Amino acid sequence: MTNKRAYIESYGCQMNFSDSEIVASILADQGYTLVEKAEDADLVLLNTCSVREKAEQTVLNRIDGLNHLKGRNPGLRVGVLGCMAERMREDLLEKKKLVDLVVGPDAYRTLPLLLDEVEGGQKAVNVLLSREETYAEIEPVRLGSNGVTAFVTIMRGCDNMCAFCVVPFTRGRERSRDPESIVAECRQLVAQGYREVTLLGQNVDSYRWNLDADHNPRDAARPTADFADLLEMVARACPTLRIRYSTSHPKDMTDKVLRVMAGHHNICKYIHLPVQSGSSSVLQRMNRGYDRAWYLDRIAAIRRHIPDCAISTDIISGFCGETEAEHRETLSLMEEVRYDMAYMFKYSERPRTLAARKFPDDVADEVKGRRLQEVIDLQMKHAAERNGQHVGQVQEVLIEGVSKRSDRHMYGRNSQNAVVIVDRQYAGTELMPGDLVRTRITSGTSGSLQGEVVERVREGVEEW
Ligand code: SAH
Ligand code: SF4
Ligand code: F3S
């Protein structure tokens with residue numbers, strides 16, 4: 001046991017933030033106290049992302065920035081966790097002398113042993129990937145939590161091999177987590193007062209839990225569960241909890257999932273469906289497994305089953321060989337779909353990926369930049385237009401906290417995941433995080449909505 005203080009900083013996607021909560025739990029079991037600032041810690045852990053070169057550069061700069069702390073506290077130990085640890089391995093120790101510890105995403109259970117080595121003045125590395133690890137029974141320590149919303153990881157890894165993507169190399173093979181442990185974690189969140197979960201996986205639509213895979217006899221009471229089944233299990237088990245999920249893959253998204261969403265009020269009407277490009281030829285080079293027509297058919301299916309569903313996406317500008325005409329196909333697809341929100345990126349070549357091995361990164365940086373700007377400008381227009389459509393409606397908003405701009409306002413989200421700002425005072429009392437309020441939307445911009453609270457939906461716990 002130790003009385004040391006640890007600080008964890010997370011970069012990258014929600015799965016990394018969720019993993020940091022597993023790491024925090026393992027450290028707490030070892031007697032570490034978690035602190036809020038690197039300055040106060042004996043152990044600084046950076047949970048890192050490799051998805052674009054810029055993400056890695058940010059972390060490398062951050063490590064340099066920690067040098068002065070080592071001067072003040074010679075006992076300070078620095079560890080790199082997550083995707084960069086997996087990708088760069090021992091090279092990280094060579095490149096950055098400050099780093100003592102390198103641990104990949106599937107090796108966190110070995111942290112106690114590795115930390116012992118590091119304590120003894122050695123460097124320690126474990127980047128073994130696993131086909132089974134899901135950290136299923138480890139109870140996460142919620143970090144930086146608002147006490148209202150939480151992430152629950154339902155699967156790890158990815159088997160898809162999109163040509164641009166480093167994730168299959170950093171996170172290993174896809175594996176699903178036992179649905180019972182997922183439901184148990186959600187139930188516990190409810191008991192702790194949480195009001196919303198986001199179920200996480202790189203491709204939730206390939207979630208599959210099969211008892212046969214565990215070499216157990218098939219049991220009619222517990223048949224194979226797919227993602228739609230899991231979603232329904234959670235929605236039924238936790239009727240007072242709002243449920244979101246991310247990320248869907250267009251090639252795998254089923255109508256069954258859409259029917260489950262439409263059938264449960266507590267499953268939020270929001271789907272993140274990354275398209276990457278609107279051009280079938282680019283999609284083929286990307287190895288995404290669908291073309292433009294297939295994607296648009298999935299969008300039509302969403303609109304058919306859930307007319308009020310919000311849809312967001314990811315777009316990459318300037319992928320290998322992207323012509324001006326192919327870029328314009330992305331713009332025209334955006335015009336057809338009219339996304340509520342989008343994450344937009346310049347293509348960044350990643351070592352070992354299919355694209356790095358097969359295609360030259362041949363779109364000039366200024367062309368990538370200009371195309372990205374065109375995509376961003378169009379998206380801003382669509383977001384403003386989509387947000388404008390909420391105006392006049394009365395919607396359920398889950399309050400998450402005090403608005404960053406003004407402490408006289410609170411912010412929350414509607415089912416469609418749009419941020420809604422309301423007055424902090426309602427009917428002579430202050431709204432609190434976790435309150436669910438029916439709100440009339442009064443105005444909207446591309447970034448958020450403003451609203452007036454009409455009534456509180458519930459004081460205590462009541463079904464949606
Ligand atoms: N599993 C998710 C996305 C994971 S990475 C999916 O399949 O959609 C998140 C986003 O980062 C991707 O959707 C993609 O738009 C972007 N991205 C991934 N690799 C990239 C690269 N090499 N360059 C630029 N953007 C990239
Ligand atoms: Fe990467 Fe594709 Fe897997 Fe998403 S589905 S993590 S983009 S390989
Ligand atoms: Fe980044 Fe790893 Fe997530 S590369 S996007 S942190 S899976």
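Whatever order the structure lists ligands and atoms in, that order sets their numbers, starting from 1. What you are looking at is a predicted structure, and each value in this text was computed from that prediction instead of being measured.
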Of the protein's non-hydrogen atoms, which lies at the shortest distance from atom 9 (C) of ligand 1, and what is that distance?
Asp314 OD2, 3.7 Å
Can you sort out which atoms of ligand 1 are near Tyr347, meaning under 4.0 Å from one of its heavy atoms?
22 (N), 23 (N), 24 (C)
State the CZ-NZ distance between Arg62 and Lys96, to the nearest 0.5 angstrom.
13.0 Å
contact_flag His272 ligand 1 heavy-atom lt 4.0 Å
no
Would you mind checking if Asp42 and Arg77 are paired as a salt bridge, meaning a charged N to carboxylate O distance below 4.0 Å?
no
Numbered in order shown, the ligand 1 atoms found under 4.0 Å of a heavy atom of Pro274 are 8 (O)
When you measure from the centre of the six-membered ring of Tyr347, is the NZ or CZ of Lys368 closer than 6.0 Å and no more than 45° off the axis?
no
Any idea which protein heavy atom is nearest atom 3 (C) of ligand 1, and the distance to it?
Gln202 OE1, 4.0 Å
Electrostatic pair Lys269-Asp308, nearest N-O below 4.0 angstrom
no
Decide whether an N or O pair under 3.5 Å exists between Cys165 and ligand 1.
no
Taking 4.0 angstrom as the limit and counting only heavy atoms of Arg350, give me the atoms of ligand 1 inside it, by number and element.
22 (N)
Does any N/O atom on Ser248 come nearer than 3.5 Å to any N/O atom on ligand 1?
no
Surrounding CZ of Arg405 (heavy atoms of other residues, nucleotides or ligands, distance under 6.0 Å), is the total greater than 12?
no
Counting no waters, how many protein N/O/S atoms sit under 2.8 Å from atom 2 (Fe) of ligand 2?
1
Run the contact test for Asn203 against ligand 1 with a 4.0 Å cut-off on heavy atoms, strictly below, and give the result.
no
To which of Glu53, Arg288, Gln276 does the heavy atom nearest atom 7 (O) of ligand 1 belong?
Arg288
Just do the ring pair (Phe, Tyr, Trp, His ring centres under 6.0 Å) check on Tyr343 and His272 with the steps written out, would you?
CA-CA 10 Å; Tyr343 298 99; His272 184 58; 5.7 Å; yes
What are the atoms of ligand 1, with element, lying closer than 4.0 Å to any heavy atom of Lys346?
23 (N), 24 (C)
Is the shortest distance from a heavy atom of Gln202 to ligand 3 less than 4.0 Å?
yes
Under 4.0 Å, heavy-atom basis, I'd like to know which part of Val51 is in contact with ligand 1: side chain, backbone, both or neither.
both
Is ligand 3 under 4.0 Å from a heavy atom in the side chain of Met15, in the backbone, in both, or in neither?
neither
Starting from atom 4 (S) of ligand 3, what is the nearest protein heavy atom, named by residue and atom, and what distance separates them?
Ser50 N, 3.2 Å
Where the side chain of Thr110 meets the backbone of Leu113, is there a donor-acceptor pair that is under 3.5 Å apart?
no
Measure from NZ or CZ of Arg52 to the centre of the six-membered ring of Phe345, then state whether that distance is under 6.0 Å and the direction lies within 45° of the axis.
yes
Any N/O pair Ser348/ligand 1 closer than 3.5 Å
yes
Those atoms of ligand 1 less than 4.0 Å from some heavy atom in Arg52
11 (O), 16 (C), 17 (N), 23 (N), 24 (C), 25 (N), 26 (C)
Report the residues that fulfil side chain to side chain contact (heavy atoms under 4.5 Å, CB included) with Lys37, sequence neighbours left out, ordered by chain and then residue number.
Glu39, Asp40
Quick one: nearest non-hydrogen protein atom to atom 1 (Fe) of ligand 3, plus distance?
Cys49 SG, 2.3 Å
Among all protein non-hydrogen atoms, which one is nearest to atom 19 (N) of ligand 1, and what is the separation to 0.1 Å?
Phe164 CD1, 3.3 Å
Show the numbers, then the answer: is there a side-chain contact (heavy atoms from CB on, under 4.5 Å) between Glu400 and Tyr411?
CA-CA 6 Å; Glu400 292 181 20; Tyr411 77 95; 3.6 Å; yes
Report the part of Phe345 in contact with ligand 1, treating N, CA, C, O as backbone and CB onward as side chain, heavy atoms under 4.0 Å; options are side chain, backbone, both, neither.
side chain
Closest protein heavy atom to atom 3 (Fe) of ligand 3, given as residue, atom name and distance to 0.1 Å:
Cys13 SG, 2.3 Å
Has Arg236 got more than 12 heavy atoms of other residues, nucleotides or ligands less than 6.0 Å from its CZ?
no
Side chain, backbone, both or neither: which part of Cys83 comes within less than 4.0 Å of ligand 3 when only heavy atoms are counted?
side chain
Any heavy atom of Val167 sitting closer than 4.0 Å to ligand 1?
no
